[in-house]
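This one's a predicted model, so the numbers in the text were calculated from it and none came from an experiment. No hydrogens, no waters, no symmetry mates; every other heavy atom, side chains included, goes into these values.
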Protein chains: 2
Amino acid sequence: MARGSNRRPTDGELAILQVLWAMGPATVSTIQEKLEESRPTGYTTVLKLLQIMLEKGLVTRDETERRHVYAAKEKERVMKRSLVADLAQRAFGGSTAKLVMQALSEEDLSDRDRAEIETLLKKMRGE
Amino acid sequence: MARGSNRRPTDGELAILQVLWAMGPATVSTIQEKLEESRPTGYTTVLKLLQIMLEKGLVTRDETERRHVYAAKEKERVMKRSLVADLAQRAFGGSTAKLVMQALSEEDLSDRDRAEIETLLKKMRGE
DNA sequence: TTGACAATACGAAGATCTTCGTATATATTG
DNA sequence: CAATATATACGAAGATCTTCGTATTGTCAA
C-alpha cells in the first residue's frame, strides 16, 4: 500500500484540501497564497505537502503546463463524511447521533441554521 | 508549556480517555484489558501513554496504592466539545452547523435518535 | 546560446506518536 | 531472608508530519 493510505488527512493536508474544494484546481503558488490567510506556510512546504498528497492519492496533478495544477481527488462530501464518521468512532463510541447532540447542545445556532436542520430532519422523517 | 499542551489528544490518548470516561478511575491493567477489545495494546505501551498523558495534564494519578489509579482530568463534555469544534474548524470552515448538516444528511438515524434531536432543537427554539 | 528567473524535486532535520525491551522498585510467599 | 511475581520508570527505535535549504530542470528574452 502507498504511504499513509486509508488514513485521515493531517492538519496540513486538510488545510490544502479546503483550499482546493473552495477554489477548484489550482497551482502551487495560488494555493500557497490562499493558505497564507489561514495557515502561513512557505512555498516549498506547500509544494512538498502536495507531492506527498499526490503519493497518497489525496490529490491529482495535471502536468500539462509548466505550472502543475493540483486538484482534490476525493469529493468533498465523501471526505467530510469520513471525517465525521472518524470522529464519531474515536470519541462517541461510533454514534453519529451522539456527536450531533453534542454539537447542537453546545452551540449557539442561528435561527436560520436551526430551521435548516429541522427541515432536513422533517424530510428524513418522511422517508 | 508542558508537552503537547493545547493540542487535541492523539488516537491512542483518546482511546484511553474513552475507557476512563466509561469506567471511571482505573489502574493500568484494567485500562489495558478494556482497551484490548477495541485497540489491542501492550501493557507497557498503555503505561507509557498514561505517563505521557499525565505530563500533558490529560489525566490525574493517584499513587496512594501500589497500583496507581488514573482518571480523566477534563470533563468528558468539555473535551468532546473541543473535539467537535476542532473538526468544525479544520474541515467545515468553523461552522458547527455545517458539520451537523453533513453528519445528518449521510447518516441513517434511528427514529429514536431523530426524535431526540428534534426535541433538542425545539427546546432551543423556545429560548 | 546563454543568462536570469521561476518552478519542481530531493533530502534531511526536528517534533511527535506509538511501541516495546529492559531496568528498577515493591510486594508476597515459602 | 530469599526467590518470585508484579508494577512502574526509562530509554530508544521506527513512523509520520512539517518545515525548509538546496539542487535540478524548464522557459523566455536578448
**Message:** Which residues pass the side-chain hydrogen bond (donor to acceptor under 3.5 Å, both in side chains) test with Q32(A), not counting sequence neighbours?
**Reply:** E36(A)
**Complete:** Residues at least two apart in sequence or cross-chain that pass side-chain hydrogen bond (donor to acceptor under 3.5 Å, both in side chains) with E118(B), listed by chain then number, are R125(A)
**Fill in**
Considering only heavy side-chain atoms of R7(A), the closest of dT16(D), dA9(D), dA9(C) is dT16(D)
**Prompt:** In whole Å, what is the span from the NE2 atom of H68(A) to the P atom of dT24(D)?
**Reply:** 18 Å
**Message:** What's the closest nucleotide to the side chain of K56(A) if the choices are dT19(D), dT18(C), dC17(D)?
**Reply:** dC17(D)
Identify all side-chain donor-acceptor contacts of residues 72-79 of chain A below 3.5 Å with residues at least two apart in sequence or on another chain.
unit_1: E76(A); atom_1: OE2; unit_2: K80(A); atom_2: NZ; d: 2.7
unit_1: R77(A); atom_1: NE; unit_2: E106(B); atom_2: OE2; d: 2.9
unit_1: R77(A); atom_1: NH2; unit_2: S105(B); atom_2: OG; d: 3.0

**Request:** Please identify each residue that fulfils side-chain hydrogen bond (donor to acceptor under 3.5 Å, both in side chains) with T41(B), with sequence neighbours left out.
**Result:** none
**Asked** If you look only at pairs with a residue in residues 40-49 of chain B, which of them pass as a salt bridge (charged side-chain N to carboxylate O under 4.0 Å, His left out), with sequence neighbours excluded?
**Response** none
**Complete:** Residues of residues 47-54 of chain A with a heavy atom under 4.0 Å from any atom of DNA chain C, listed by number, are L47(A), K48(A), Q51(A)
**Prompt:** Near DNA chain C, under 4.0 Å by heavy atom, which residues of residues 10-25 of chain B?
**Reply:** T10(B), D11(B), G12(B)
**Prompt:** Listed by chain and number, what are the side-chain hydrogen bond (donor to acceptor under 3.5 Å, both in side chains) partners of T119(B), not counting sequence neighbours?
**Reply:** none
**Request:** Describe the nucleic acid contact of T41(B) in one word from base, sugar-phosphate, nothing, applying a heavy-atom distance below 4.0 Å.
**Result:** sugar-phosphate
Please tabulate, for side-chain N and O atoms in residues 16-24 of chain A, each donor-acceptor pair with protein atoms closer than 3.5 Å (sequence neighbours left out).
unit_1: Q18(A); atom_1: NE2; unit_2: R90(B); atom_2: O; d: 2.2

**By salt bridge (Lys or Arg N to Asp or Glu O under 4.0 Å) - contacts of R66(A) (at least two apart)** = none
**Request:** Can you check each nucleotide of nucleotides 23-30 of chain C against protein heavy atoms at under 4.0 Å and return B for base, S for sugar-phosphate only, - for none, in 5' to 3' order?
**Result:** ---BS---
**Item:** Residues which pass salt bridge (Lys or Arg N to Asp or Glu O under 4.0 Å) with K34(A), listed by chain and number, not counting sequence neighbours
**Value:** E37(A)
